[in-house]
Trainee: 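First the structure, then my questions, so here it is.
These values consider heavy atoms only, across backbone and side chains, with no hydrogens, waters or symmetry-generated copies. When a residue number appears, it is its place in the shown sequence, counting from 1. Note that ligands are numbered from 1 as they come in the structure, with each ligand's atoms numbered from 1 the same way. It should be emphasised that the depicted structure is a prediction, and the values quoted were computed from it without experimental measurement.
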Amino acid sequence: MANYSVRNQVAIISLCSPPVNALSSDVRRGILDSLKKAEQDVKVAAIVICGEGRTFCVGADITEFKSEFKTFPNLFELVDILESSPKPIVAAIHGHAFGGGLEVALACHYRVALSSAKLALPEVKLGILPGAGGTQRLPRLIGIDSSMQWIAFGDEYSAQIAANIGIIDRIFPSNADILESAVQYAQSIIGKSLINRRVSKLPVKDASKVSHIMEKYKQIVGKKSRGAIAPMVCLEAIKHAALLPYVEGMKKERMGIEALMGSDQSKSLIYMFFAERQVRNWTIPGTGINSKNTKPIKVEKVAVIGLGTMGRGIVLSLLKAGIKHVSVMELNKTARENGLLFIKNILEGYAARGTISETQKRSMVDALKPVSNFEMLKDTDLVIEAVFESMSIKKDIFAKLGQVCKPSAVLATNTSALDVDEIAMVTPKPKQVVGMHFFAPAHVMKLLENVRGSKSSPQVIATAMNMGQRMGKVTVLVGNCHGFVGNRMFRHYTVETDFMLEEGAYPEQVDTVLKKFGFAMGRYQVGDLSGNDIGYRMRTKFEMTNKQQPPGAPERERHGVRYCPLADFLVESGRLGYKSDGKGWFRYLGKNRELTVDNEVTSMIDSYRRRNKIVPRKINGEEIIERALYPLINEGFKILEEGIASNPMEIDLILVHGYAWPRHTGGPMFYAHLIGLPKILRVIERHWNNAGLREPHWEPSKMLVRLVKNHGNPDIMSWTTLERETVRSAL
Ligand SMILES: CC(C)(COP(=O)(O)OP(=O)(O)OC[C@H]1O[C@@H](n2cnc3c(N)ncnc32)[C@H](O)[C@@H]1OP(=O)(O)O)[C@@H](O)C(=O)NCCC(=O)NCCSC(=O)C[C@@H](O)CCCCCCCCCCCCC(=O)O
Ligand SMILES: NC(=O)c1ccc[n+]([C@@H]2O[C@H](COP(=O)([O-])OP(=O)(O)OC[C@H]3O[C@@H](n4cnc5c(N)ncnc54)[C@H](O)[C@@H]3O)[C@@H](O)[C@H]2O)c1
């Protein structure tokens, strides 16, 4: 709804729809009714539109998209009504003016804002475009070039930047009273002509350069969008602002939003938006313990053990989160010096770019406390261990931590696959132990996979979850199993793509198909980037690598299961990837590391096939997608079935934020929902029937089978409930 009042000739329409004043049908109706009152009241000479509570308005109500157009006024009707008002309207912006909220402001005749306010047209991130005149009004105010930048990427901008380019007419200090300031401003413009204040009537300044600007953004968007459709549709709509009168341009904008709204990509992106919020409400399946009934421990002092690749990024994340005391412990002198230097250099970089102030930088550097023995950690609230991936080293460290740390201290391990319970058992209080699995580089990657051990106490879990959120991470709580959720699922992707190399595909073909699907890099380029030796080390632990096999052992089998040793040959011939002189699955040439196909690798694959009498066959793109992605989806269902994840959203967030799964497909589980579970199961069963126990990753998940058998293609939001009901009724 919207509240209405009058103060000294100024009518105040305040949006009132907590928490973020989304433009629901009630709010739109409220604005319209208030506007009519203001227009009819002869004592009113100007109008202010503002937002109650913490923000101005974040745009259309995403939960009402389906019915948006059925009730009068819809948003694009409302903005034209506002703009044509005979009385001047001032938008008073604090907090956020996002999406439809900014479009309402653009339809007002003046815009004022607190300096702390943020503005954006982020619709593209939901797979749509600004559909209430944003693509037509913004170019008339700031030009085609800046509009393309704002709309095709959807980033937020400060009120000051918006003022510099002409969106905001007056900025007030962040501690000012926005309503009081806006009312005074409105009084100052009473009686002024509204000619030139109706944005839809303005010319587009850089209209003559539209083709050139369009080409520039097409290039950028083509490279960045990874198959997302909305950015290109946004550019097209903005182009029409330069070429057509406002009314005709609006028709094009409407066509654009009609094409995008309800598309699979938009559904996926909206699902992601809500998943990122819902994941904060964690729960431990089957226990009734959740984020609402469990309080975290207060964390002021944190320690990180190990300052290698992961430790240094974790320290930076903690400093950015405002932790004022971060102890760092690293045994190796060179690693310690390099780690501290790395952290300081990154902080210098942030300060140089203005991401943090000089004062903040100094206080972050002061917060760093190198320590040399465990005794010095005795009053630490949270310890995060990030040493080598070795069970014996980790056990040794946790045993010491268990002796010296205060009883309430939370002891976390950053292991990527080891058993959190086994680590916990060496401490006197296993309930204080939890997994906090960061992703490299930890100060950049948004994902934190927190692992609840079987003994981890609710309060300890709440603390790890809370710390992740303080660090601004998408923090997902998962159960304890080998590889947790992400690594456990991703393993199948590499295994099955390697099988395709055996059978007839080449790395560049697989990577091209995966990139077309939307991955930033294909499986083989990722291997080269992160180092092919990482997987090799893991396979070595399980005695699987080529070198570890006794003479005469079958080349394509390990422990009775199909195995492809091509990745072993690669590493054993010194091709670790970028780091070994640009040689891996591909060859990387020159300063820009330009990716080229290397005949040496092609010959290695060809001769392997000849030796094993494999007749290569043509593998098409559809097969590559199915075989690379469906086993991973199958594993996702097994993870749900075991309660390792509580719902499909958690799995999707992990794959999107930790493994660069394309966001506009919603993650593997949402993608499966879009494809339809019956088809997914059919393909999995076909492979399972052909391969059997030699390829166990194709064994269909029982949950998937049950869902399809009992419900066909149920909605993703009902999967876990339906499964629980089926299992319960079978007991
Ligand atoms: C603004 C934020 C940055 C704030 O972040 P913060 O961290 O402070 O808060 P939260 O993110 O936690 O949010 C709190 C709470 O609020 C919920 N929420 C946030 N935004 C919305 C929203 N827009 N709608 C509904 N709910 C919202 C959030 O879920 C939280 O809830 P919880 O229960 O978890 O506490 C941040 O919130 C943010 O970024 N929000 C999204 C901003 C955004 O994307 N805005 C754009 C929205 S889309 C839009 O505005 C579209 C308009 O341009 C055009 C619409 C006109 C359409 C007319 C077209 C006709 C075409 C017809 C086609 C017909 C086709 C067919 O029939 O299908
Ligand atoms: N590298 C990744 O991509 C990645 C991603 C997620 C998780 N992890 C996990 O994070 C952990 C660390 O991995 P990394 O890549 O940072 O390893 P790393 O080899 O880069 O760093 C480990 C550091 O720990 C130090 N160290 C070893 N024993 C120590 C001890 N007793 N006390 C203090 N310091 C000690 C070493 O000197 C080294 O500097 C591992 O468990 C790994 O599985 C790694």
Side-chain angles (χ1 to χ4, degrees), residues 17-24 54-70 74-79 95-104 118 120-126 128-135 154 156 253-263 266 269-270 273-274 276-281 304-314 328-336 338-339 372 374 384-390 393-394 396-397 400 413-418 436-442 445 449 486-487 530-531 534 537-538 658:
S17 180
V20 284
N21 294 327
L23 290 157
S24 62
R54 68 191 226 206
T55 204
F56 173 68
C57 172
V58 302
D61 188 330
I62 305 170
T63 60
E64 280 189 11
F65 266 172
K66 281 194 188 121
S67 56
E68 167 86 21
F69 324 104
K70 299 194 177 97
N74 63 38
L75 205 46
F76 56 76
E77 290 162 335
L78 181 65
V79 286
H96 298 95
F98 273 25
L102 180 52
E103 289 173 301
V104 163
K118 299 267 185 276
L121 287 174
E123 286 85 344
V124 71
K125 295 183 179 174
L126 301 174
I128 57 170
L129 54 67
T135 67
E156 64 174 44
E253 179 185 277
R254 175 81 192 247
M255 282 163 65
I257 197 157
E258 281 182 0
L260 295 173
M261 186 85 85
S263 66
S266 176
L269 290 164
I270 290 173
F273 176 84
F274 286 114
E276 278 158 4
R277 280 146 188 87
Q278 181 156 318
V279 74
R280 299 173 198 153
N281 306 323
V304 176
I305 306 185
L307 262 197
T309 310
M310 294 308 292
R312 45 186 81 177
I314 297 171
V328 291
M329 188 170 167
E330 164 61 62
L331 281 190
N332 181 298
K333 184 168 175 284
T334 316
R336 184 168 59 245
N338 288 344
S372 52
F374 284 89
I384 304 175
E385 164 277 313
V387 306
F388 302 132
E389 185 76 338
S390 148
I393 299 181
K394 289 193 194 284
D396 185 45
I397 287 176
K400 287 180 183 142
T413 171
N414 180 46
T415 176
S416 24
L418 298 176
M436 288 180 81
H437 181 209
F438 291 81
F439 287 71
M445 294 293 281
E449 197 183 30
N487 286 342
S530 44
I534 293 184
R537 271 205 300 275
M538 191 62 83

Trainee: Nearest protein heavy-atom contact for atom 38 (C) of ligand 2: which residue, which atom, what distance?
Mentor: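 Protein heavy atom at minimum distance: Glu330 OE1, 3.5 Å.
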Trainee: From atom 26 (N) of ligand 2, work out which of Thr413, Val387, Ile393 has a heavy atom at the shortest distance.
Mentor: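 The option holding the nearest heavy atom is Val387.
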Trainee: What part of Glu103 sits under 4.0 Å from ligand 1 if we count only heavy atoms: the side chain, the backbone, both or neither?
Mentor: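 Answer for Glu103: side chain.
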Trainee: Please list, in number order, the atoms of ligand 2 under 4.0 Å from a heavy atom of Asn332.
Mentor: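 Counting atoms of ligand 2 from 1, those under 4.0 Å from Asn332 are 37 (O).
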Trainee: Protein heavy-atom contact under 4.0 Å for atom 17 (O) of ligand 2?
Mentor: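 When distances to the protein are checked, atom 17 (O) of ligand 2 has no heavy atom within 4.0 Å.
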Trainee: If we set the cut-off at 4.0 Å for heavy atoms, which region of Asp61 has an atom near ligand 1: side chain, backbone, both, or neither?
Mentor: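 Answer for Asp61: both.
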Trainee: To the nearest 0.5 Å, tell me how far Leu129 CG sits from Arg254 CZ.
Mentor: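 Interatomic distance, Leu129 CG to Arg254 CZ, rounded to 0.5 Å: 11.5 Å.
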Trainee: Counting heavy atoms only, name the option from Asn21, Thr63, Leu75 that's nearest to atom 55 (C) of ligand 1.
Mentor: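 Heavy atom nearest to atom 55 (C) of ligand 1 belongs to Leu75.
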Trainee: Which pair of non-hydrogen atoms, one from Glu253 and one from Ala132, has the smallest distance, and what is that distance?
Mentor: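 That would be OE2-N, 3.4 Å.
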Trainee: Check Phe438 against Met310 and note the closest heavy-atom contact, atom names and distance.
Mentor: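 That would be O-CE, 3.4 Å.
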Trainee: Can you tell me which portion of Phe65 lies within the under-4.0 Å heavy-atom range of ligand 1? Options are side chain, backbone, both, or neither.
Mentor: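 The answer is the side chain.
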Trainee: Taking only heavy atoms of Leu126 into account, list the atoms of ligand 1 that are under 4.0 Å away from them.
Mentor: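 Every atom of ligand 1 under 4.0 Å from some heavy atom of Leu126: 44 (O), 47 (C), 48 (S).
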Trainee: So, 4.0 Å and heavy atoms of Gly262: is ligand 1 close enough to count as a contact?
Mentor: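 For ligand 1, residue contact (heavy atoms, under 4.0 Å) with Gly262 is absent.
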Trainee: Short list, please: which atoms of ligand 2 are under 4.0 Å from a heavy atom of Lys394?
Mentor: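 So the atoms of ligand 2 that pass are 40 (C), 41 (O).
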Trainee: Please could you name the atoms of ligand 1 that Gly99 approaches to less than 4.0 Å, counting only its heavy atoms?
Mentor: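 Going through ligand 1 atom by atom, the ones under 4.0 Å from Gly99 are 46 (C), 50 (O).
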Trainee: Return the residue, atom name and 0.1 Å-rounded distance of the protein heavy atom closest to atom 44 (C) of ligand 2.
Mentor: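 Nearest protein contact, heavy atoms only, for atom 44 (C) of ligand 2 is Met310 CG, 3.3 Å.
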Trainee: Counting only heavy atoms, tell me which of Gly306, Gly313, Ala386 gets closest to atom 22 (C) of ligand 2.
Mentor: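 When every heavy atom of Gly306, Gly313, Ala386 is considered, Ala386 comes closest to atom 22 (C) of ligand 2.
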Trainee: Please check whether Thr415 reaches ligand 2 - meaning an N/O of the residue sits under 3.5 Å from an N/O of the ligand, judged on distance alone.
Mentor: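 No; every N/O pair is 3.5 Å or more apart.
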Trainee: Taking only heavy atoms of Ile397, which atoms of ligand 2 are found under 4.0 Å from at least one of them?
Mentor: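 Under 4.0 Å from Ile397, ligand 2 has these atoms: 30 (C), 31 (N).
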Trainee: I need the nearest protein heavy-atom contact for atom 15 (O) of ligand 2: residue, atom name and distance, please.
Mentor: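 Looking only at protein heavy atoms, the one closest to atom 15 (O) of ligand 2 is Thr309 CB, 3.6 Å.
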Trainee: Pairs of nitrogen or oxygen atoms closer than 3.5 Å, one from Ile62 and one from ligand 1: do any exist?
Mentor: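 For ligand 1, there is an N or O atom that lies under 3.5 Å from one belonging to Ile62.
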Trainee: Pull out every atom of ligand 1 sitting under 4.0 Å from any heavy atom of Gly59, numbered as shown with elements.
Mentor: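 Counting atoms of ligand 1 from 1, those under 4.0 Å from Gly59 are 50 (O).
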Trainee: Do me a favour and list the nearest non-hydrogen protein atom to atom 34 (N) of ligand 2 with residue, atom name and distance?
Mentor: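 In this structure, atom 34 (N) of ligand 2 has Leu331 N, 3.5 Å as its nearest protein heavy atom.
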Trainee: Looking at side-chain heavy atoms only, is the closest gap between Ile128 and Ser266 below 4.5 Å?
Mentor: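 Of all side-chain heavy-atom pairs linking Ser266 with Ile128, at least one is under 4.5 Å.
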Trainee: Counting N and O atoms only, with roles assigned by atom type, does the side chain of Glu156 sit under 3.5 Å from a partner on the main chain of Ala120, one being a donor and the other an acceptor?
Mentor: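 Checking the backbone N and O of Ala120 against the side chain of Glu156, no donor-acceptor pair under 3.5 Å is found.
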Trainee: Below 4.0 Å from any atom of ligand 1, is there a heavy atom belonging to Gly134?
Mentor: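 Heavy atoms of Gly134 never come under 4.0 Å of ligand 1.
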Trainee: Can you find a heavy atom in the side chain of Ile257 that is under 4.5 Å from one in the side chain of Phe76?
Mentor: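 They are not in contact (no side-chain heavy atoms under 4.5 Å apart), so the answer is no.
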Trainee: Just to be sure I read this right, does ligand 2 sit under 4.0 Å from the backbone of Ser416, its side chain, both, or neither, counting only heavy atoms?
Mentor: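 Both backbone and side chain of Ser416 come within 4.0 Å of ligand 2.
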Trainee: Which atoms from ligand 1 have a heavy atom of Pro130 less than 4.0 Å away?
Mentor: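 So the answer, numbered in order with elements, is 53 (O).
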Trainee: The test is side-chain contact (heavy atoms from CB on, under 4.5 Å); show your working for Leu269 and Lys125 and say whether it passes.
Mentor: CA-CA 7 Å; Leu269 290 164; Lys125 295 183 179 174; over 6 Å; no
Trainee: If we only consider heavy atoms of Phe388, is any one of them less than 4.0 Å away from an atom in ligand 2?
Mentor: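 Phe388: in contact with ligand 2 (<4.0 Å).
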Trainee: Please give me the minimum heavy-atom distance between Arg336 and Leu307, naming the atom from each residue.
Mentor: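 Scanning both residues, the minimum pair turns out to be O-CD1, 3.9 Å.
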Trainee: Are any side-chain N or O atoms of Glu103 and backbone N or O atoms of Gly134, one a donor and one an acceptor, separated by less than 3.5 Å?
Mentor: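 Between the backbone of Gly134 and the side chain of Glu103 there is a qualifying donor-acceptor contact (under 3.5 Å).
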Trainee: Go through the steps for Phe274 and Thr63 under the test side-chain contact (heavy atoms from CB on, under 4.5 Å), then give the verdict.
Mentor: CA-CA 10 Å; Phe274 286 114; Thr63 60; 3.8 Å; yes
Trainee: Using heavy-atom distances only, which candidate in Met261, Arg54, His96 approaches atom 6 (P) of ligand 1 most closely?
Mentor: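 That would be Arg54.
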Trainee: Any idea which of Ala60, Ala132, Ser263 brings a heavy atom closest to atom 47 (C) of ligand 1?
Mentor: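 Among Ala60, Ala132, Ser263, the closest heavy atom to atom 47 (C) of ligand 1 belongs to Ala60.
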Trainee: Between Asn487 (side chain) and Ser416 (backbone), is there a donor-acceptor pair under 3.5 Å?
Mentor: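 Side chain of Asn487 to backbone of Ser416, a donor-acceptor pair under 3.5 Å: yes, one is there.
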Trainee: Looking at ligand 1, is there an atom of it that comes within less than 4.0 Å of some heavy atom belonging to Ile257?
Mentor: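 Yes, Ile257 has heavy atoms under 4.0 Å from ligand 1.
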Trainee: Compute the shortest N/O to N/O distance between Ala335 and ligand 2 and return yes if it is under 3.5 Å, no if not.
Mentor: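 No, no N or O pair falls under 3.5 Å.
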Trainee: Any non-hydrogen side-chain atom of Pro19 less than 4.5 Å from a side-chain atom of Arg54?
Mentor: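 Contact flag for Pro19/Arg54 side chains = yes.
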Trainee: Would you mind telling me if ligand 2 is within reach of the side chain of Phe438, the backbone, both or neither, using heavy atoms under 4.0 Å?
Mentor: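 For Phe438, only backbone atoms sit under 4.0 Å from ligand 2.
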Trainee: Ligand 1 and Glu123, any nitrogen or oxygen pair closer than 3.5 angstrom?
Mentor: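 Indeed, backbone or side chain, Glu123 has an N or O that close.
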Trainee: Please report the shortest heavy-atom distance between Leu75 and Ala60, naming the atom on each side.
Mentor: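 That closest heavy-atom pairing would be CD2-CB, 4.3 Å.
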Trainee: Would you mind reporting whether Leu102 and Phe56 have side-chain heavy atoms less than 4.5 Å apart?
Mentor: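 No, too far: nothing below the 4.5 Å cut-off.
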Trainee: Where's the contact between Arg280 and ligand 1, heavy-atom distance under 4.0 Å: side chain, backbone, both or neither?
Mentor: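 Under 4.0 Å from ligand 1, Arg280 contributes side-chain atoms alone.
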Trainee: For ligand 1, which atoms sit closer than 4.0 Å to a heavy atom of Pro122?
Mentor: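 So the atoms of ligand 1 that pass are 43 (C), 44 (O), 45 (N).
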Trainee: Where do Gly101 and Cys57 come nearest, in terms of heavy atoms and distance?
Mentor: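 Scanning both residues, the minimum pair turns out to be CA-SG, 3.5 Å.
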Trainee: Is it the side chain, the backbone, both or neither of Ile305 that has a heavy atom closer than 4.0 Å to ligand 2?
Mentor: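 The part of Ile305 near ligand 2 is the side chain, not the backbone.
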Trainee: Nearest heavy atom to atom 10 (O) of ligand 2 wins, so pick from Ile534, Leu418, Asn414, Asp396.
Mentor: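 The option holding the nearest heavy atom is Asn414.
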Trainee: Applying side chain to side chain donor-acceptor pair (under 3.5 Å), name anything that partners Glu449, two or more places apart in sequence or on another chain.
Mentor: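 If we apply the side chain to side chain donor-acceptor pair (under 3.5 Å) test to Glu449, skipping adjacent residues, the hits are His437.
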Trainee: Just which atoms of ligand 2 are under 4.0 Å from any heavy atom in Gly308?
Mentor: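 Once the distances to Gly308 are compared, the set is 16 (O), 20 (O), 21 (O), 23 (C), 39 (O).
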Trainee: Does Asn21 reach the main-chain N or O of Thr55 with its side chain, forming a donor-acceptor pair under 3.5 Å?
Mentor: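 Yes.
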Trainee: Does the side chain of His96 reach to within under 4.5 Å of the side chain of Val20, using non-hydrogen atoms?
Mentor: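 Counting from C-beta outward, His96 and Val20 never come under 4.5 Å.
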Trainee: Tell me, do Leu418 and Thr413 make a side-chain contact under 4.5 Å, heavy atoms counted?
Mentor: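 In short, these two side chains do not touch, never coming nearer than 4.5 Å.
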Trainee: Any heavy atom of Arg312 closer to ligand 2 than 4.0 angstrom?
Mentor: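 The answer is no, since Arg312 has no heavy atom less than 4.0 Å from ligand 2.
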Trainee: Closer than 4.0 Å to some heavy atom of His437 - which atoms of ligand 2 meet that?
Mentor: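 Close to His437: 6 (C), 7 (C).
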Trainee: Could you go step by step and tell me if Glu330 and Val304 meet the side-chain contact (heavy atoms from CB on, under 4.5 Å) rule?
Mentor: CA-CA 9 Å; Glu330 164 61 62; Val304 176; over 6 Å; no
Trainee: Which of the atoms of ligand 1 are close to Pro19, meaning less than 4.0 Å from one of its heavy atoms?
Mentor: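 The list of qualifying atoms is 15 (C), 16 (O).
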